[in-house]
Asks: 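My structure is below; once you've seen it, I'll send some questions.
None of the values given here were measured: they were computed from a predicted structure.
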Amino acid sequence: MANQKCIDINCDMGESFGVWRMGDDAAVMPLITSANIACGFHGGDPATIRKTVRLAMDAGVAVGAHPSLPDLVGFGRRTMRISPQDMYDYVLYQAGAVGAFVCAAGGRLHHVKCHGALYNMAATDTALAAAMAQAVKALGPGVMLYALAGSRMVEAATQAGVPVVEEAFADRSYQADGTLTPRGTAGAMIEDEAQAVQQAIGMVEHGTVATAGGANFGLRPGTICLHGDQPGALRFATALRAALHQHGCTVKAP
């Protein structure tokens, strides 16, 4: 089908730390096409990175790094005041660590997708977005940046010549300006499977998402995110994959 749509499904993974376990990575992995692997600042540790990289590569899933603010206690979701130089250093350091494990396993780092507050800060801050893009560029040709659709990150990556994939969220609600509703706010997470799938299909098919104020925000997603720490992650991923297939979408990594 010449006009068949293609979409990627990404998921945040490898967020366990020591004896603490987060998510069901082994079960969800076969249902996604790219994995964002925690780098140790908000979750993850060297052994978890190694095992998750191997799990992804064995499943044919594209491997990305998921760098964060240095915030294990807050799971990377607390806003911190950082400089553009901090942004550059944090992203390059963490993505380089995951990239080393990917290289050791015989693969190459596919993308970078920042986590939590770091991602949200760069979505609206031009200087932080530019520093993020420069860090991804420093990782070498071909490494992509996964960035919130319509955000400053997309603009910065384009200006820096970094390949960018615009990201939309099936299980998060949106504000009128296209940013995500802050966690902790009522309705920030969409916990109803049917609603999440309907939102994802609407974004892929029509290029819009309904916002908290009732208006529609236009976007062009190349990847849809599902959160691995969501209790129903496996159920959500199964339903989303089936719905995309029913709507004639090919699911594959960019």
Side-chain angles (χ1 to χ4, degrees), residues 8-18 20-72 76 85-116 118-119 122 129-147 153 156-157 160-167 222-223 225-226 228-229 251-254:
D8 173 55
I9 300 176
N10 79 77
C11 188
D12 305 339
M13 296 202 149
E15 293 179 319
S16 298
F17 182 79
W20 182 72
R21 291 290 171 260
M22 169 69 80
D24 191 358
D25 292 355
V28 174
M29 191 71 78
L31 297 168
I32 65 172
T33 44
S34 61
N36 321 308
I37 299 179
C39 311
F41 273 32
H42 77 282
D45 53 49
T48 301
I49 294 171
R50 172 177 51 80
K51 292 172 184 176
T52 311
V53 165
R54 185 74 268 164
L55 190 66
M57 291 183 65
D58 287 347
V61 170
V63 181
H66 197 37
S68 169
L69 289 168
D71 184 24
L72 270 176
Q85 186 64 64
D86 291 331
M87 170 67 82
Y88 179 90
D89 294 344
Y90 291 161
V91 173
L92 189 60
Y93 177 84
Q94 294 176 78
V98 172
F101 278 103
V102 178
C103 182
R108 61 179 297 276
L109 188 68
H110 178 264
H111 67 276
V112 172
K113 175 193 163 182
C114 288
H115 167 81
L118 196 66
Y119 181 97
M132 180 188 290
Q134 287 300 324
V136 175
K137 188 172 186 176
L139 291 165
V143 180
M144 303 177 186
L145 177 65
Y146 281 22
M153 288 186 283
V162 172
V164 61
V165 181
E166 297 198 46
E167 179 179 36
T223 186
C225 175
L226 283 174
D229 61 332
V251 179
K252 66 177 184 178

Asks: What do the steps show when you test Ser34 against Asn10 for side-chain hydrogen bond (donor to acceptor under 3.5 Å, both in side chains), and what is the final call?
Replies: CA-CA 5 Å; Ser34 61; Asn10 79 77; 5.0 Å; no

Asks: Hey, which of Val112, Asp8, Val164, Val136 is the one that makes side-chain contact (heavy atoms from CB on, under 4.5 Å) with Tyr146?
Replies: Asp8

Asks: Could you go through Glu167 and Thr223, starting from their C-alpha distance and side-chain angles, then the distance that decides it, and tell me whether this counts as side chain to side chain contact (heavy atoms under 4.5 Å, CB included)?
Replies: CA-CA 5 Å; Glu167 179 179 36; Thr223 186; 3.7 Å; yes

Asks: Any sub-3.5 Å donor-acceptor pair from Thr33's side-chain atoms to Val61's backbone N or O?
Replies: no

Asks: What closest approach, in Å, do Pro254 and His110 show between heavy atoms, and which atom pair accounts for it?
Replies: O-NE2, 2.9 Å

Asks: By salt bridge (charged side-chain N to carboxylate O under 4.0 Å, His left out), which residues pair with Asp58, not counting sequence neighbours?
Replies: Arg54

Asks: Is it the case that Asn36 and His111 place a side-chain donor and acceptor less than 3.5 Å from each other?
Replies: yes

Asks: Identify the two heavy atoms, one from Ala38 and one from Gly43, that lie closest to each other, and give their separation to 0.1 Å.
Replies: CB-O, 3.4 Å

Asks: Just by distance, do the side chain of His66 and the backbone of Asp12 share a donor-acceptor pair under 3.5 Å?
Replies: no

Asks: So, for Ser68 and Gln94, which heavy atoms are closest and what is the spacing to 0.1 Å?
Replies: O-NE2, 2.8 Å

Asks: Will you find, in the side chains of Gln85 and Tyr90, an N or O donor that is under 3.5 Å from an N or O acceptor?
Replies: no

Asks: Do Lys51 and Asp25 meet the salt-bridge criterion of a basic N to acidic O distance under 4.0 Å?
Replies: no

Asks: Looking only at heavy atoms, what is the nearest atom pair of Leu109 and Ala95, with distance?
Replies: CD2-O, 4.0 Å

